[in-house]
Structure formats: structure tokens, C-alpha cells
There are 2 protein chains.
Amino acid sequence: MSDHAAKQRIYEQFARIGKALGAPGRLELIDLLAQGERPVDALAKEAQMSIANASQHLQVLLAARLVDTRRDAQRIYYRLAAPSVIELWLALRRTAESQLAELPGVAREYLGDPDTFEPIDRDELARRIEAGTVVVIDVRPAEEFEQGHLAGAVSVPVDEIKRWARDEAPKRKQIVAYCRGPYCVYAIEAVAELKKRGLRAVRAEDGVAEWRAAGLSIETGKSAP
Amino acid sequence: MSDHAAKQRIYEQFARIGKALGAPGRLELIDLLAQGERPVDALAKEAQMSIANASQHLQVLLAARLVDTRRDAQRIYYRLAAPSVIELWLALRRTAESQLAELPGVAREYLGDPDTFEPIDRDELARRIEAGTVVVIDVRPAEEFEQGHLAGAVSVPVDEIKRWARDEAPKRKQIVAYCRGPYCVYAIEAVAELKKRGLRAVRAEDGVAEWRAAGLSIETGKSAP
DNA sequence: CACTCATTCAAGTAATCACTTGAATACAAG
DNA sequence: CTTGTATTCAAGTGATTACTTGAATGAGTG
């Protein structure tokens with residue numbers, strides 16, 4: 001009675017998911033996939049790992065059923081297998097933020113002082129969008145924008161931020177830039193560039209994954225003209 | 001610019017948490033700790049592992065700051081370090097449930113057919129408690145009951161279920177038994193015993209951790225007389 | 001058909017990990 | 001101070017893992 005081996009087999013199943021979350025490279029891939037589907041080479045390039053290594057990590061995620069694939073000609077697109085995977089990733093990140101004293105220091109090394117660009121939170125941003133007092137720009141690569149962006153946002157990939165600042169940016173209105181989330185540098189770089197040119201810009205820390213988890217509306221497709 | 005090594009260090013921090021979730025034994029310990037604090041030997045006994053092994057797993061959880069300790073004389077009590085840890089554990093379990101096709105089969109081996117005791121869900125149980133049409137029993141060990149139980153529940157540890165069924169159980173009213181959660185056998189064993197004696201009993205799948213996460217009220221301390 | 005491109009597979013290496021056994025610490029009670 | 005109890009530490013073993021390199025698949029294209 002109360003078969004120990006059977007109980008262990010249950011926890012082994014849970015551990016399959018846990019193990020998949022146990023490598024930094026894999027978490028980076030999950031974080032990227034939270035922005036939408038991508039082929040292997042794009043993921044490898046973004047995460048700066050060899051293609052073979054990325055492929056292998058993706059196989060591990062596939063075995064744990066955290067990701068799914070779709071074939072289009074030679075390319076294989078990977079995507080997160082379910083919304084619960086994003087929630088799990090966000091829960092893991094929240095726990096790391098609340099428990100690991102070393103994280104803020106390490107994050108600061110990569111992102112700089114968190115308060116430099118007076119980041120604004122979700123509720124405050126939602127209020128300002130509602131009031132129409134801000135222009136929201138999505139500084140991720142265009143493909144990610146197309147797969148889901150904040151309702152009303154304009155796509156301005158970081159490599160185009162200088163051109164946009166010169167030609168199209170509003171001179172008076174406040175600009176809010178966001179990217180993949182709290183650990184992505186793009187919005188920070190964008191705001192730095194905009195401020196250098198005397199524009200009023202701030203950073204929103206959250207990305208599409210966080211917005212969606214908070215129940216806010218996400219649009220897909222290219223920007224309206 | 002865009003220092004790859006610094007970015008990697010961030011994901012290494014997240015992976016500390018992930019790695020800690022990568023061993024079945026550790027997940028079982030977390031599941032037990034979700035019921036409240038316990039000393040090492042009690043945890044080892046419940047999880048049926050050697051004390052040295054349990055201690056080592058707990059050191060890993062401690063290094064990942066998922067657990068905390070409190071000393072009382074010779075005994076060291078471990079407990080989950082924050083509510084976010086329970087949420088992370090529940091998120092991991094939900095993902096496993098939605099993604100791993102093998103889990104239901106493995107769970108059935110340990111728990112039997114999930115529908116045998118017509119389990120009732122949270123909302124239904126809350127409604128029946130409100131209406132006063134049920135008696136709720138908590139069949140976990142008494143220490144766990146004292147550290148948190150469903151408001152209004154009576155403590156009837158599984159080893160006392162026979163005596164209780166004979167001497168105290170209501171003959172007509174429906175009895176709802178719960179234990180540690182969906183993967184705990186105690187409530188199943190209790191309901192089987194009660195039904196064998198002709199009493200009206202059903203099982204609630206959720207435990208205290210799930211109730212608390214759902215925002216329901218939890219009481220502490222011994223039963224009122 | 002050869003040729004290219006994206007992805008996966010296979011083999012090898014160094015590192016990490018879970019578990020065991022046996023000894024060491026740390027506190028309490030006599 | 002000795003004895004007992006709870007926990008941790010240390011060393012050793014077999015298994016697993018992350019990454020690399022180089023070859024193999026498999027789906028287009030000229």
C-alpha cells in the first residue's frame with residue numbers, strides 16, 4: 001500500500017519540467033520565444049550560441065513539451081507550447097526577483113541603474129494611453145511586433161531609432177518605449193538615444209508577455225499606416 | 001556594448017531557481033513544505049529518503065533561497081521562503097498537467113481512477129460549506145492541520161479515520177475529505193474507508209496551498225472543541 | 001540532377017549531480 | 001563531562017549534462 005515507486009514516478013514527471021528550466025541558455029530561449037515564434041538560427045543568433053547548441057536546447061524543451069514546432073519549407077519555427085509556459089516563466093522570474101539578493105546587482109551590470117529612465121509601471125502607462133498623452137513605441141525587431149504588440153503602439157526597431165528620432169518622433173509629446181521585458185536592453189538604448197536628442201522619453205519595464213498575463217489587450221499584424 | 005557575458009549572468013541567476021526544481025526529490029520536499037514547516041527527519045521520513053540525502057536536497061533549496069530555516073533546540077525547521085515559491089510550484093504543476101501526456105497515467109497508478117470518489121471542486125465546496133450541508137475533514141497529520149487548514153474543517157488524521165467513522169462521523173450529512181492536494185492519497189484512503197462503512201463521503205482535490213492561492217480563508221491552530 | 005540552406009544527429013570531453021556511507025558538529029539532558 | 005539526538009559535512013561512485021566539432025538529413029532551387 002502507498003507505493004513509493006509510483007509516487008516517485010509522479011514527481012519525476014514534474015521534474016522533467018524543472019530540469020528543462022535548469023540551464024541558463026534554455027531560459028534565454030524561453031524568454032525569446034515568449035515574444036513569438038522563431039526559427040532556430042534566429043534564436044541562436046539572438047542568444048549568441050552556436051546553432052547546434054541552440055538546436056539541442058530546443059530538443060530538450062521539446063521533450064519537456066514546453067515548446068512546439070511548425071515547419072515552413074526548410075525552416076522550423078519554434079514557439080511556446082501553451083500559455084501556462086509563459087506563466088511558469090514569469091513565476092520563476094518573480095521568485096528569483098524576490099529571493100535572490102544577487103540578481104539586482106547582476107541586472108544592474110547589464111542594464112545600468114534601474115531608475116535612470118524613471119520607468120513607469122503598467123497601470124500608469126495604461127492610464128496615459130487612455131488619456132492620449134503619450135506615444136508608445138515598440139523597439140523590438142519588426143517580426144516580434146507583428147506577432148503581438150501593445151494596442152496602439154508603433155513599431156520602431158532599435159536600429160531605426162535614430163532615423164525615427166530625426167524624422168518622425170513627436171517633439172513635445174512624451175514617448176514611452178518598451179521591448180521584451182524588464183531584462184531587455186533595447187528600450188533602455190532607445191530612451192537614451194531619444195533623450196540625447198532632447199526628446200521626452202521614458203521606459204516601460206514590461207513587455208508583451210507581462211501585459212498579456214495582466215489581461216491587457218494585445219494586437220497583431222503590422223502598424224496601421 | 002550589449003555585453004553578452006553580463007546578460008548570461010542574469011539568466012544564470014534565473015537558472016539557479018530552475019536547477020533547484022530539477023530533481024524529483026526536491027519537488028517532493030517542496031510539496032511537503034507547502035503544508036507548513038517541518039524538521040529534516042520528518043521530511044526525510046515522509047519522502048522516504050535517507051536523512052543525509054534529504055539534508056543535502058534541503059541545502060540545495062537553501063542555496064537557491066527557496067526555503068528558510070528556523071532553529072528550535074537541536075531541531076532545524078525548514079519552511080518555504082516566500083509565497084512566490086508556492087506559486088512557482090503550482091505553476092510548474094499546472095504546466096506539467098497541461099503539457100505532459102504521461103502524467104495522468106502515472107498519477108492513476110498511484111491514486112487510482114480520478115473519478116472514483118466524484119471529487120468536487122473549490123467553488124462547489126465553498127458553496128456547500130456556506131450552506132452548511134457538509135462536514136469537512138482534514139485528514140493530514142495533526143501538525144499540518146495546526147499550521148493551516150480550511151476554515152471550519154475538523155482534523156481527522158488518516159490513522160484515526162476508522163475510530164472517527166465509528167464514534168463521531170455524522171450518519172446522514174455528507175463528508176468532504178481533503179489532504180495535501182491532488183497528488184496526495186490520504187483523502188482517497190479516507191473516503192474509501194468511510195464509504196465502506198456506508199457513510200456519504202467525497203474527496204476534495206485541492207489542499208491548503210491551492211485554497212490559499214485562490215484567496216480562500218485559512219485558519220491556524222487546533223480545532224475548536 | 002547537383003547545389004544550397006536550415007536543422008539535426010553523433011561522438012567526445014569536462015563538469016555537475018544524486019545518492020550512499022561514515023564521520024563530524026551542535027545542542028540538550030543527565 | 002558523558003550520552004543521546006538532530007543535522008550537516010566529506011569523500012566516492014555512476015549517471016547525466018552542456019558544449020564543441022564535424023558529418024548527415026531533408027527540403028527547396030537552378
Exercise for the section: May I ask you to decide if the ring planes of Trp89(B) and Tyr11(A) are parallel, tilted or perpendicular, using 30° and 60° as cut-offs? Expected result: parallel
Handout entry: Exam field: side chain Thr95(A) to backbone Ala91(A), donor-acceptor pair closer than 3.5 Å
Key = yes
Practice task
Among the candidates dA27(D), dA18(C), dA6(D), find the nucleotide nearest to the side-chain atoms of Ala23(B).
Solution key: dA18(C)
Completion exercise
When rounded to whole Å, the OH to P distance for the pair Tyr77(A) and dA6(C) reads 11 Å
Exercise for the section: Just compare dC27(C), dT20(D), dG28(D) and give me whichever is closest to any side-chain atom of Ala73(A). Expected result: dG28(D)
Completion exercise
Atom CD of Gln56(A) and atom P of dA23(D) are separated, to the nearest Å, by 17 Å
Fill in the blank from the handout: To the nearest angstrom, the CD1-P distance between Ile51(B) and dG22(C) comes to 15 Å
Exercise for the section: Would you verify whether the NZ or CZ of Arg140(A) falls within 45 degrees of the ring axis of Phe145(A) while also being under 6.0 Å from that six-membered ring's centre? Expected result: no
Practice task
Any chance you could lay out the salt bridge (Lys or Arg N to Asp or Glu O under 4.0 Å) test for Arg122(A) and Glu210(A), step after step, and finish with the verdict?
Solution key: CA-CA 9 Å; Arg122(A) 264 201 306 270; Glu210(A) 293 82 5; over 6 Å; no
Exercise for the section: Identify which nucleotide among dC9(D), dC19(C), dT7(C) has an atom closest to any side-chain atom of Pro39(A), counting heavy atoms from C-beta outward. Expected result: dT7(C)
Exercise for the section: Considering just the side-chain nitrogens and oxygens of Ser55(B), establish if one lies under 4.0 Å of OP1 or OP2 belonging to dT8(D). Expected result: yes
Practice task
Would you mind telling me which residue lines up with the more 5' stretch of DNA chain D, His57(A) or Leu58(B), judged by nearest nucleotide?
Solution key: Leu58(B)
Practice task
Whole angstrom is fine here: how far is it from NZ in Lys45(B) over to C1' in dT7(D)?
Solution key: 17 Å
Practice task
Would you mind reading off the distance between Leu21(B) atom CG and dC17(C) atom P, rounded to a whole angstrom?
Solution key: 14 Å
Handout entry: Rounded interatomic separation in angstrom, taking CG from Leu62(A) and C1' from dT8(C)
Key = 12 Å
Exercise for the section: Take the protein atom CG of Asn53(B) and the nucleotide atom P of dA10(D), then report the distance between them rounded to whole Å. Expected result: 17 Å
Exercise for the section: With the side chain of Asp41(A) defined as its heavy atoms from C-beta on, choose the nearest nucleotide among dT7(C), dT5(D), dG22(C). Expected result: dT7(C)
Exercise for the section: Respond yes when some side-chain nitrogen or oxygen of Ser50(A) is under 4.0 Å from OP1 or OP2 of dT20(D), and no when none is. Expected result: yes
Practice task
Evaluate side-chain contact (heavy atoms from CB on, under 4.5 Å) for Leu21(B) paired with Ile30(B), printing each intermediate quantity in order.
Solution key: CA-CA 9 Å; Leu21(B) 303 174; Ile30(B) 290 173; 3.8 Å; yes
Exercise for the section: Rounded off to whole Å, could you give me the CD-to-P distance for the Gln59(A) and dT7(C) pair? Expected result: 12 Å
Fill in the blank from the handout: Of Arg26(A) and Asp72(A), the one whose closest nucleotide on DNA chain D sits nearer the 5' end is Arg26(A)
Practice task
Output yes when at least one side-chain N/O atom of Tyr78(B) is less than 4.0 Å from OP1 or OP2 of dT8(D), else no.
Solution key: yes
Practice task
State which of dA6(D), dG28(D), dA10(D) makes the closest approach to the side chain of Gln74(A).
Solution key: dG28(D)
